[in-house]
Amino acid sequence: MSTITNQSTQYNSIVSAYSSLYPTSGPSAFPPALLEEAQVQTALNRPDIDVRGKRVLDLACGNGYYSLRYLLWGAASVTGVDISSSMVDAACAEALKQGIPDSKLKFVVADVTDEKVYIDGGPFDIVASAWLLNYAPDTPTMTRMWDFVALHLKPGAAFVGLTIAPLHNARRGKLALEQEAAMLNITLAPDGAFGKLGNRGRVLGFVEEGLKVEIELGFKDLGQDVAMFENYYLGIESFRDSIKASRIGGSEAFEGIEWQDFVIPKELKDAHPVGRWNDMAIWPLCRVCVAKRVK
């Protein structure tokens with residue numbers, strides 16, 4: 001089973017736990033979700049992107065958490081795509097429950113690394129993804145993801161992607177990566193764990209371009225269901241090289257990749273003790289990248 005296809009298996013089994021942390025019927029009380037939303041909304045509010053009135057393709061849509069938010073933030077319509085049939089079933093059920101017509105919101109099961117797949121309705125004004133690129137184990141796989149984005153994005157339009165903050169020493173040898181991991185408080189011992197705000201990770205091993213990591217979302221000690229899955233922490237060079245390798249019509253598909261500064265919403269700063277967010281300046285919980293298709 002391929003790495004990307006395996007995402008269907010691991011996400012089919014965590015729909016309930018995931019949806020308790022990322023609810024589609026109201027606001028989330030899970031701190032990472034609130035921080036993630038702030039990053040995505042900041043990017044979509046940029047004047048050169050501006051989600052209002054736009055047709056959005058939402059890749060790795062999961063249970064529809066962000067798809068529904070894109071509509072709330074003003075999108076004209078959203079098409080969500082996910083490899084997990086169980087996640088898409090949950091998203092469709094919520095859209096039906098809320099009475100949202102297919103013309104505004106629909107969901108499709110598809111593998112975005114499959115070059116034979118094309119989503120009806122494209123090209124789109126914006127392609128967005130929350131937690132897609134972090135499932136690429138290497139540059140070639142991430143390049144296929146970029147190719148899929150380019151195929152479905154209008155010329156000059158933007159991709160907005162939420163992903164893991166990229167590592168900087170991933171290709172500089174094991175020692176350099178170990179030193180960076182230590183600085184970021186990432187425990188490399190197999191029986192060790194690292195985490196922030198209800199996200200816990202365990203490094204499963206080194207891969208050629210970074211780390212393979214198991215993530216646990218939620219607070220087990222508070223009696224919550226937890227969602228567990230595997231993904232990859234790759235280096236910044238993997239993002240740079242993969243997007244440069246992406247082609248459309250034989251030419252480079254994107255102008256480049258831009259990393260947005262991490263944003264901490266004022267309401268979260270005000271609600272928590274001073275200093276709680278200090279380590280986010282060293283290694284943010286997540287980052288948003290923006291890439292525009294060539295015109």
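If you read the sequence from its start, that first residue is 1, and numbering goes on from there.
- The backbone N or O of Val213 lies less than 3.5 Å from a partner atom in the side chain of Asn231, making a donor-acceptor pair.
- Residues Tyr232 and Tyr135 place their aromatic rings such that the two centres sit no closer than 6.0 Å.
- Phe206 and Ile215 fall within a single hydrophobic cluster, where Ile, Leu, Val, Met, Phe, Trp and Tyr side chains are chained together by heavy-atom contacts under 4.5 Å.
- Residues Leu133 and Met142 form a side-chain contact, since some pair of their non-hydrogen atoms from C-beta on lies under 4.5 Å apart.
- Here the closest heavy-atom approach between residue Tyr70 and residue Asp58 is recorded as CE1-CG, 3.6 Å.
- Side-chain atoms of Ser19 do not come within 3.5 Å of backbone N or O of Ser16 as any donor-acceptor pair.
- Proximity of Gln39 to Cys286: side-chain heavy atoms (C-beta onward) are separated by under 4.5 Å at one or more points.
- The SG atom of Cys92 lies 11.0 Å from the CD1 atom of Ile100; values are rounded to the nearest 0.5 Å.
- When only modelled atom types and interatomic distance are considered, Asn63 and Thr24 share no side-chain donor-acceptor pair under 3.5 Å.
- At least one donor-acceptor pair under 3.5 Å links the side chain of Thr143 to the backbone N or O of Ser242.
- Between Leu57 and Ile126 the shortest side-chain heavy-atom distance does not fall below 4.5 Å.
- Here CZ of Arg171 is found 11.0 Å from CD1 of Ile236. Values are rounded to the nearest 0.5 Å.
- A 4.5 Å side-chain heavy-atom check between Val288 and Trp259 finds every atom pair outside the cut-off.
- Residue Val15 comes nearest to Ala90 through the heavy atom pair CG1-CB, 3.9 Å, listed as atom of the first residue, atom of the second, then distance.
- Linking ILVMFWY side-chain heavy atoms closer than 4.5 Å, directly or via other members, places Val263 and Leu35 in two distinct hydrophobic clusters.
- Using a 4.5 Å cut-off on side-chain heavy atoms (C-beta onward), Met145 and Leu132 make contact.
- For the atom pair CD (Glu94) and CG (Leu68), the distance works out to 6.5 Å, reported to the nearest 0.5 Å.
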Show your reasoning for whether side-chain hydrogen bond (donor to acceptor under 3.5 Å, both in side chains) applies to Glu36 and Tyr65.
CA-CA 11 Å; Glu36 291 170 17; Tyr65 180 82; over 6 Å; no
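- Checked for salt-bridge contact, Asp48 and Lys292 meet the test: a charged N lies under 4.0 Å from a carboxylate O.
- Between Val207 and Pro137 there is no side-chain heavy-atom pair separated by less than 4.5 Å.
- Side chains of Asp138 and Thr141: a donor on one and an acceptor on the other come within 3.5 Å.
- Between the side chain of Glu214 and the backbone N or O of Gly201 there is no donor-acceptor pair closer than 3.5 Å.
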Verdict with supporting geometry, Asp120 and Lys106, salt bridge (Lys or Arg N to Asp or Glu O under 4.0 Å):
CA-CA 11 Å; Asp120 289 344; Lys106 61 182 178 181; 5.8 Å; no
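- At most 12 non-hydrogen atoms from other residues, nucleotides or ligands lie less than 6.0 angstrom from CZ of Arg52.
- Around CD of Gln98, the count of heavy atoms belonging to other residues, nucleotides or ligands within 6.0 Å exceeds 12.
- In this structure, Arg200 pairs ionically with Glu216, as a charged nitrogen and a carboxylate oxygen lie closer than 4.0 Å.
- Contact record, Arg144 with Thr113: NE-O, 3.6 Å, taken as the closest heavy-atom pair.
- From Tyr233, atom OH reaches atom CG of Leu211 across 9.0 Å, with rounding to the nearest 0.5 Å.
- Closest of all the heavy-atom pairs between Ser84 and Asn12 is OG-OD1, 2.5 Å.
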Show me the donor-acceptor pairs within less than 3.5 Å that the side chains of residues 149-157 make with the rest of the protein, sequence neighbours left out.
| unit_1 | atom_1 | unit_2 | atom_2 | d |
| --- | --- | --- | --- | --- |
| His152 | ND1 | Phe148 | O | 2.8 |
| His152 | NE2 | Ile119 | N | 2.9 |
| Lys154 | NZ | Asp125 | OD1 | 2.7 |

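- With contacts defined as side-chain heavy-atom distances shorter than 4.5 Å, the pair Trp73/Gln41 qualifies.
- No more than 12 heavy atoms of other residues, nucleotides or ligands shown are found within 6.0 angstrom of CD on Glu115.
- Take Lys295 and apply the salt bridge (Lys or Arg N to Asp or Glu O under 4.0 Å) test, not counting sequence neighbours, and it matches no residue.
- Taking each heavy atom of Leu105 and Ser67 in turn, the nearest pair found is CD1-CB, 3.9 Å.
- Qualifying ring-ring contact (aromatic ring centres under 6.0 Å, His included) partners for Phe254, counting only residues two or more places apart in sequence or in other chains: Trp146.
- Through ILVMFWY side-chain contacts below 4.5 Å, Leu204 is grouped with nothing and stands alone.
- With respect to Lys244 and Glu252, a salt bridge is recorded, a charged nitrogen being found less than 4.0 Å from a carboxylate O.
- If you check the side chains of Thr139 and Asp241, you find no donor sitting under 3.5 Å from an acceptor.
- The backbone N or O of Val290 lies less than 3.5 Å from no partner atom in the side chain of Gln260, so there is not a single donor-acceptor pair.
- With rounding to the nearest 0.5 angstrom, the CZ atom of Phe239 is 6.5 Å from the SG atom of Cys289.
- Grouping the Ile, Leu, Val, Met, Phe, Trp and Tyr side chains by contacts below 4.5 angstrom, directly or via other members, places Val127 apart from Val294.
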Enumerate, atom names and distances included, each donor-acceptor pair closer than 3.5 Å involving a side-chain atom of residues 158-170, sequence neighbours excluded.
| unit_1 | atom_1 | unit_2 | atom_2 | d |
| --- | --- | --- | --- | --- |
| Thr163 | OG1 | Asn134 | N | 3.4 |
| Asn169 | OD1 | Arg172 | NH1 | 3.0 |
| Asn169 | ND2 | Ala176 | O | 3.2 |

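- For residues 82-115, no pair satisfies ring-ring contact (aromatic ring centres under 6.0 Å, His included), with sequence neighbours left out.
- There is a path of hydrophobic side-chain contacts, each under 4.5 Å, that joins Val78 to Val109.
- Across Pro23 and Ser28, no two heavy atoms sit closer than the pair CD-CB, 3.7 Å.
- Placement of Val112 and Ile248 in two distinct hydrophobic clusters is found when ILVMFWY residues are connected by side-chain heavy-atom separations under 4.5 Å, directly or transitively.
- The shortest side-chain heavy-atom distance between Thr42 and Asp261 does not fall under the 4.5 Å cut-off.
- Of the possible donor and acceptor atoms, one in the side chain of Arg55 sits under 3.5 Å from a partner among the backbone N and O of Gly121.
- With salt bridges taken as basic N to acidic carboxylate O contacts below 4.0 Å, none links Lys54 and Asp50.
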